[in-house]
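Just the heavy atoms: all of them, side chains too, but no hydrogens, waters or symmetry mates, feed the values below. A, B, ... follow the sequence lines: proteins, then strands. Residue 1 opens every chain.
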2 protein chains.
Amino acid sequence: MTSKQEFIEKLRNSNLRPTKQRINICEVLFNRDKTFHFTINDLFNLIKDKTGEKVSLATVYNTVHAFHKKGYLKEIPINSNQTYFDTNVTDHHHFFDVKEEKLIDLKNEDVGPIEIQKSIPGKKIKSVEVLVKLED
Amino acid sequence: MTSKQEFIEKLRNSNLRPTKQRINICEVLFNRDKTFHFTINDLFNLIKDKTGEKVSLATVYNTVHAFHKKGYLKEIPINSNQTYFDTNVTDHHHFFDVKEEKLIDLKNEDVGPIEIQKSIPGKKIKSVEVLVKLED
DNA sequence: TCGTTGTTTATAATTATTCTAAAGAAGATT
DNA sequence: AATCTTCTTTAGAATAATTATAAACAACGA
């Protein structure tokens with residue numbers, strides 16, 4: 001069970017005041033056992049369902065972006081009409097079931113080490129992500 | 001130099017009649033030495049520049065999607081406001097310079113072989129793509 | 001050439017995301 | 001607790017990529 005104090009800490013670290021709405025968002029994002037893949041719209045609907053209170057879409061966007069910037073959320077690179085985020089911010093990769101539009105985690109051990117043997121002067125590697133598309 | 005006949009063949013294979021507009025699109029897409037990363041909007045503007053003729057945005061979308069479906073174009077999984085495509089449909093990976101919003105090819109040799117040691121019942125792997133994000 | 005079917009186009013519709021500005025809440029200071 | 005400042009929430013408007021529409025037009029086959 002994640003405590004409200006942790007949510008407040010996460011919010012403060014992200015330069016956000018802990019408001020009722022943002023705590024509700026945290027409740028849905030972080031109070032769970034398994035990693036959570038979502039779109040803003042998923043999250044928006046879940047907040048209503050799980051907390052019984054509505055938070056405006058603009059607030060959901062703002063808060064998610066602040067968390068992403070701070071590193072509490074990870075953006076998953078997929079071409080989809082909507083942007084996907086992940087509460088698992090550790091280095092890991094994804095399956096994407098194209099038909100069902102569903103993301104599945106790949107543990108780091110499930111994918112061998114990836115060596116990038118090319119570099120661009122003046123640039124450094126920020127992240128390496130593997131996307132495995134699945135079909136039937 | 002790619003010939004008009006090849007364009008027509010590509011179009012026919014994609015279930016598209018070879019029209020003037022579509023040939024112009026092919027001219028910009030396929031008549032080049034190096035791989036070409038683009039957004040629909042890039043392409044739309046290049047057609048005007050290179051052929052001197054305007055093709056409607058709707059036609060560009062339709063044609064690109066047909067080529068993508070047929071496998072003559074590849075979609076590059078990046079979260080961006082626009083969708084990126086690639087004329088290089090062989091298995092390969094990308095750098096993405098986040099600051100400049102620019103894609104750079106990685107040859108397959110630049111990235112070691114990637115072994116996916118997990119499988120999902122009833123699903124098979126369609127593609128494996130690595131995206132390496134670059135920062136300064 | 002004619003008839004059928006597919007295509008192009010401008011424009012409207014849709015949809016995700018961002019912006020705006022007014023009303024409200026948090027935090028600091030007394 | 002009252003007050004002031006600063007940040008936040010919200011509904012709704014604005015933006016921007018993409019998709020749909022339907023009327024004029026072009027390709028194809030007979």
**Asked** Contact boundaries of DNA chain C with chain A (under 4.0 Å, heavy atoms), 5' to 3'?
**Response**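 Taking any atom under 4.0 Å from a heavy atom of chain A, the span is C/dA16 to C/dG27.
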**Request:** Check the angle between the aromatic planes of B/Phe7 and B/Phe30 and answer parallel, tilted or perpendicular using the 30° and 60° thresholds.
**Result:** tilted
**Message:** Students often mix this up, so state it plainly: with edges at 30° and 60°, are the rings of B/His65 and B/Phe85 parallel, tilted or perpendicular?
**Reply:** tilted
Taking [atom1] from [X] and [atom2] from [N], how many angstroms apart are they, rounded to a whole number?
X	N	atom1	atom2	result
A/Leu16	D/dT6	CG	C1'	14 Å
A/Arg22	D/dT10	CZ	C1'	13 Å
A/Ile23	D/dT9	CD1	P	10 Å
B/Asp42	D/dA16	CG	P	16 Å
A/Asn15	D/dC7	CG	P	10 Å

Does [X] have more than 12 heavy atoms from other residues, nucleotides or ligands lying within 6.0 Å of its [atom1]?
X	atom1	result
B/Lys102	NZ	no
A/Lys126	NZ	no
A/Lys107	NZ	no
B/Gln117	CD	yes

Any N/O pairs under 3.5 Å between the protein and nucleotides 27-30 of chain D? List them or say none.
residue : atom : partner : partner atom : Å
D/dA27  : N3   : B/Arg17 : NH1          : 3.3
D/dC28  : OP1  : B/Arg12 : NH2          : 2.2

**Prompt:** Could you give the angle between the helix axes at the two ends of the helix from C/dT1-D/dA30 to C/dT30-D/dA1, with five pairs per end, rounded to 10 degrees?
**Reply:**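 Computed from the C1' atoms at both ends, the axes differ by 30°.
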**Message:** Can you pull out every salt bridge (Lys or Arg N to Asp or Glu O under 4.0 Å) where at least one residue sits in residues 13-26 of chain A? Sequence neighbours excluded, please.
**Reply:**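 Salt bridge (Lys or Arg N to Asp or Glu O under 4.0 Å) check on residues 13-26 of chain A returns A/Lys20-A/Glu53.
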**Asked** By side chain to side chain donor-acceptor pair (under 3.5 Å), which residues pair with A/Thr39, not counting sequence neighbours?
**Response**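 For A/Thr39, the residues satisfying side chain to side chain donor-acceptor pair (under 3.5 Å) (neighbours in sequence not counted) are A/Asp42, A/Gln82.
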**Message:** Please tell me whether B/Val98 and B/Leu131 are part of a single hydrophobic cluster in this structure, the criterion being side-chain heavy atoms less than 4.5 Å apart.
**Reply:**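 In one cluster with B/Val98: B/Leu131, yes.
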**Asked** Short question: side chain of A/Ser3, backbone of A/Gln5 - any donor-acceptor pair under 3.5 Å?
**Response** yes
**Request:** Indicate yes or no for a side-chain donor-acceptor contact from B/Thr87 to the backbone of B/Phe36 under 3.5 Å, with no hydrogens or angles considered.
**Result:**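 Pair found, side chain donor or acceptor close to backbone of B/Phe36.
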**Message:** What residues from residues 51-62 of chain A pass a heavy-atom cutoff of under 4.0 Å to DNA chain D?
**Reply:** A/Lys54, A/Val55, A/Ser56, A/Ala58, A/Thr59
**Request:** Would you kindly check if the NZ (Lys) or CZ (Arg) of B/Lys118 is within the cone defined by 45 degrees around the ring axis of A/Phe95 and under 6.0 Å from the six-membered ring centre?
**Result:**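 No, a cation-pi geometry is absent between B/Lys118 and A/Phe95.
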**Message:** Counting the atoms with a prime plus P, OP1 and OP2 as sugar-phosphate, which does B/Thr39 contact under 4.0 Å by heavy atoms, base, sugar-phosphate, or nothing?
**Reply:**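 Touches nothing.
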**Any side-chain donor near an acceptor of the partner, A/Asp86 and A/His37, under 3.5 Å** = yes
**Residue met sooner reading DNA chain D from 5', once A/Gln21 and B/Ile40 are mapped to nucleotides** =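 Looking at DNA chain D, the more 5' nearest nucleotide goes with A/Gln21.
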